[in-house]
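Index from 1, following the sequence. As the structure lists them, so they are numbered: ligands from 1, and atoms in each ligand from 1.
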Amino acid sequence: MIHDFVYDIPVRVYFGKDQLHNLGPELRRFGTKVLMTYGGGSIKKIGLYDKVVSEIRKAGLELYELSGIEPNPKVSSVREGAKICKEKGIDVLLAVGGGSTIDATKWIAASACVDHDAWDFFDPAIMAPVEKALPILDILTLSATGSEMDTAGVISNPDTKDKYGRLDPHILPKVSFLDPTNTFTVSPYQTACGSADILSHIIEVYFNMDSDMYMLDCFMEGLMKTVIKYTPIAIKEPDNYEARANLMWTSSWAINGFINAGKALPWSCHPMEHELSAIYDITHGLGLAILTPRWLKYCLDEKNVGRYVQFGVNVFGLSAEGSPMEIASKAIECLSSVLFDTFGLKRTLPEVGIGEENFPVMARKAVGGDVLRGFKHLRQEDVENIFRMCME
Ligand code: NZQ
Ligand code: ZN
């Protein structure tokens, strides 16, 4: 069955090494006062900061800055950015960094247009509507979240220990600069986490069989094979352009909506992972790597085994001969081996300092007090069981 769908991804992408001269003219389309946002300083170390400032000055634009946006970006950064926007009359935002910087910038853009507190966009009891947002441009420095080409932004609140993602078309970037050379300095660990995140974005959709199109299955299998092929190369040779370019473009296409095409079921692993990083502030991709093989194992049954077989045969080259359940188990083993042996990520929650103490509360929050309605419905006790499987 194939549901109806709308395809609409209006992001202009400048891809490649020699595109930054387009930045000034692109910013100018939206105004003259620019707020540039960035993280803890990696953009200065890699020399990108100076290049960006020079382009902004060349275009005669007025530059303001917000730095220090942390991984798992906090609502305090959003509040700070919105305050600057209001005080200085900012016209356009420029996020330079990874998903955290871009996500925070998206919600700064929305918060700058309202009088209420930024967290009101996320507080489940309020869920303030998003009616407009300032225009956002970005320069991506880490291939992972796909925030450069999607309508989502994920924000954490350390006071309430909540981490929520919210989607809204108003916060979709207008223009994204994707220069793979800007990712040459990403550490092996962040490269691995980024790739685990990309894989998870695809797997969440691939295993959702609510609407199913052969063309998109092949596309997703191609994206997954690309991540599996190029991540170890990028880890070993950080300045391998071909590897970084493939990972960068895959990160965008894994989550920009193209592969969704009418699949209505919500994701499962992401809500579970957001509970881990909300409480323990671990890297998002690492949490996903630990959860994904266990979640797949937990959800496997006679009804859905065919999809696991397809995954094993088309992505990992397993033989289609033999018992479907055995092939499915092998497919999960192949995925584990990629994440833990090839990418070198930690395998269990205790290895990343997480114990069982918060499982009930995390599981309750992950299911939103209800049920996670993915390809296999998960209740609070199911999520707790999956967390427990990650202990060893
Ligand atoms: O802060 P700086 O100094 O920039 O350092 C960052 C940070 O420490 C560093 N880094 C980034 N680019 C670099 C670099 N270091 C060296 N060279 C470079 N070129 O990497 C560290 C991690 O950066 P971060 O932006 O946190 O990583 P990522 O892109 O993985 O973003 C993770 C956040 O995005 C959310 C996650 O939950 C998490 O909060 N997600 C956003 C999504 C979306 N918008 O659609 C979907 C995802 O599923 C995800 O939930
Ligand atoms: Zn993700």
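A donor-acceptor contact shorter than 3.5 Å links the side chain of R244 to the backbone of T183.
Taking only nitrogen or oxygen atoms, main chain and side chain alike, G146 does not reach within less than 3.5 Å of ligand 1. Between G39 and ligand 1, a contact under 3.5 Å exists for no N or O pair.
N304 and K376 share no donor-acceptor pair across their side chains, judged by distance under 3.5 Å alone. No hydrogens or angles considered: nothing links the side chains of S143 and S251 as a donor-acceptor pair under 3.5 Å. For the residue pair H21/E55, the side-chain donor-acceptor check at 3.5 Å is not satisfied.
Nearest non-hydrogen protein atom to atom 6 (C) of ligand 1 is S42 OG, 4.4 Å. In this structure, the protein non-hydrogen atom closest to atom 29 (O) of ligand 1 is G99 N, 2.7 Å. In this structure, atom 25 (O) of ligand 1 lies nearest to the protein heavy atom S100 N, 3.0 Å. From the protein, the heavy atom lying nearest to atom 43 (C) of ligand 1 is D150 OD2, 3.5 Å. The nearest heavy-atom contact from the protein to atom 12 (N) of ligand 1 is T141 OG1, 2.8 Å. Nearest to atom 19 (N) of ligand 1 among the protein's heavy atoms is N182 O, 2.8 Å. Nearest protein heavy-atom contact of atom 27 (O) of ligand 1 is L142 CD1, 3.6 Å.
Residue P71 touches ligand 1 through backbone and side chain together, judged by heavy-atom distances below 4.0 Å. Neither the backbone nor the side chain of E70 comes within contact range of ligand 1; no heavy atom lies under 4.0 Å. Residue D197 touches ligand 1 through its side chain alone, judged by heavy-atom distances below 4.0 Å. Counting heavy atoms under 4.0 Å from ligand 1, residue D103 touches it through the side chain alone.
A heavy-atom distance below 4.5 Å is not found between the side chains of W267 and L372. Between L27 and L23 there is a side-chain heavy-atom pair separated by less than 4.5 Å. Using a 4.5 Å heavy-atom threshold, the side chains of D382 and Y298 count as touching. The closest side-chain heavy-atom distance from W249 to L178 is below 4.5 Å. Counting heavy atoms from C-beta on, the side chains of D370 and R373 come closer than 4.5 Å.
Annotation: cation-pi geometry not satisfied between K330 and F316 (NZ/CZ under 6.0 angstrom from ring centroid, within 45° of ring axis). A cation-pi geometry, defined here as NZ or CZ lying under 6.0 Å from the six-membered ring centre and within 45° of its normal, does not hold between R307 and F375. A cation-pi arrangement is absent between K88 and Y64 under the rule of less than 6.0 angstrom and at most 45 degrees off the ring axis.
Under a 4.0 Å heavy-atom criterion, I43 is not in contact with ligand 1. Within the 4.0 Å heavy-atom shell around ligand 1 one does not find K45. The shell of residues lying under 4.0 angstrom from ligand 1, judged by heavy atoms, includes P73. In this structure, G285 does not count as a contact residue of ligand 1, since none of its heavy atoms falls inside 4.0 Å of the ligand. Heavy-atom distances between E273 and ligand 1 stay at or above 4.0 Å for every pair.
Near K163, with a cut-off below 4.0 Å to any heavy atom, the atoms of ligand 1 are 36 (C), 37 (O), 38 (C), 39 (O). Close contacts between ligand 1 and Q190 involve ligand atoms 20 (O), 21 (C), 22 (C) [criterion: under 4.0 Å to a heavy atom]. Applying the 4.0 Å criterion to heavy atoms of T185 picks out, from ligand 1, the atoms 16 (C), 17 (N), 18 (C), 19 (N). Set against the non-hydrogen atoms of G40, the atoms of ligand 1 under 4.0 Å away are 1 (O), 2 (P), 3 (O), 4 (O). Residue S147 has at least one heavy-atom neighbour below 4.0 Å for each of these atoms of ligand 1: 44 (N).
Distances from atom 50 (O) of ligand 1 to the heavy atoms of K106, H270, H274 show the closest one on H274. The heavy atom nearest to atom 34 (O) of ligand 1, considering only T145, I46, N72, is found in T145. Within the set H284, E204, E148, the minimum heavy-atom distance to atom 49 (C) of ligand 1 is found for H284.
Residue contact annotation: E273 places no N/O/S atom under 2.8 Å from the Zn ion (ligand 2).
Close placement of the Y308 and F207 rings is indicated, their centers lying within 6.0 Å of each other. In summary, the aromatic rings of F387 and W295 are positioned with their centroids too far apart to meet the 6.0 Å limit.
Angle subtended at the Zn ion (ligand 2) by H201 NE2 and H284 NE2: 170°, rounded to 10 degrees.
Within D197, the N, O or S atom at minimum distance from the Zn ion (ligand 2) carries the name OD1.
In this structure, K106 does not pair ionically with D138, as no charged nitrogen and carboxylate oxygen lie closer than 4.0 Å. A salt bridge links R388 with E384: the closest approach of a Lys/Arg side-chain nitrogen to an acidic carboxylate oxygen falls below 4.0 angstrom.
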